[in-house]
Amino acid sequence: MLKRDGYTITYIEPDREGIVQPHRVADALRDDTALCSIMHVNNETGVYNDIAAIGAVTRARGVPLHVDAAQSIGKLPIDLAQLPVDLMSFTAHKIYGPKGAGVLYVRGATGGDNRKRMAPILFGGGQENGARPGTLATHQIVGLGAACELARERFERDIAHVSKLRDSLWTGLASLPGVMLNGHPRQRVCGILNVSFDGVEGESLLLAVAGLAVSAGSACNSAQREPSYVLRALGRDATLAQSSLRFSLGRFSTADEVAAAIRIVSDALASLRSISPLIA
Amino acid sequence: MRDHFWHPRHAGKLNVPGARTGTAGSRRQGTLVCFELVVQAGHVTAVGYRVFGSPYAIAGCSVMAELIVGRGADVTHVMRGRELASLLDFPTEQIGVALLIENAIKAALDNTGEADIVSTTREATNDDDYTD
């Protein structure tokens, strides 16, 4: 949309571990850069960027920084009093709140006549001092608030629970042949695991693990099932990128489910590898 | 199609010396099919295959394998790729897979080995494996 409006977009490549390094952000900034927008956590790999360091870079250059915190809220500590972030967005359903409610935090947007104002993108009744039209779904906003409170209360407990399950899942999967973890092994949130499986084809693998609710490492909205550009940026070739599964764990996941997942993947992999000409 | 995917017939390596082989496709293409046929007294008495590919590729190989067992080895083709695609209701983007299966079977019947230029070696991938 910005391109359509005549803006020049500079895309910053992650390194081979999926991390956008602050020096690459520094190199990409121009004198006329209007905004830097970055994901805190990559939704496919779970790898997170150092937004404090990136924010220091953008602040030094006077460029506003927007952070997509959809996958980091409730998973990583976020203190906006400390972080040099100007705008942050997140959504309720990623912290077990209701779907359809989200937040755009704008630093300096409240209090006084000098507060920051966002230009509206929808027009109509001019509610909220012209920021947006329409009647808000207050029940969803209340749900969002409650979800945030619970996320803060349960933060350590959730992290410990999900980390343990994730480690158990990875231990089980890593024991299988031809398995590769996508993204940095440590600079990642606990609830996302993206794994490539060598020697088996992606669509067959996805069908073979039909008992699991997982997603594949490909653009699911493409009829051609293009390989994930995220995994390609990590150095996986197209075939390996397509033979990837993304596992997601959360507050309500259980050890039994993880054990079942390992068993289902193991059986599927064994079956497909037994007939694969790529396996000696 | 699903039945042949979940329960592929005659899948696997035959391990029979002298079996006729036919291969088509490549890892890079996303489909690699290798058929083996045992021919005795002019008839196909055993068939095996290995396949790297979509569920349609696996199901297609299974159907072809079932069709070819017992057929005369002088048959130049068992079923055309497009007929196979129609039989299993392949989506348009998978018709090429059916053609590769046809080519592999034909190569095996002709005992020519490779039907297409095939690369069975693993493509270069990221050297860093985090299997720790």
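Chain A is the first sequence line, chain B the second, and so forth, proteins listed ahead of strands; every chain is numbered from 1. Bear in mind the structure is a predicted one, so any value in this text is a computation, not a measurement.
Counting non-hydrogen atoms of neighbouring residues, nucleotides and ligands closer than 6.0 angstrom, the CZ atom of F155(A) exceeds 12 such neighbours.
Residues of residues 49-57 of chain B that come closer than 4.5 Å to chain A, counting heavy atoms only, are R50(B), V51(B), F52(B), G53(B), S54(B), P55(B), ordered by residue number.
With rounding to the nearest 0.5 Å, the separation of OG in S271(A) from CH2 in W6(B) is 8.0 Å. Atom OG of S26(B) sits about 9.5 Å away from atom CG of L278(A), to the nearest 0.5 Å. Atom OG of residue S274(A) and atom NZ of residue K13(B) lie 13.5 Å apart, to the nearest 0.5 angstrom.
For R27(B) against D198(A), the heavy-atom pair with the smallest separation is NH2-OD1, 3.8 Å.
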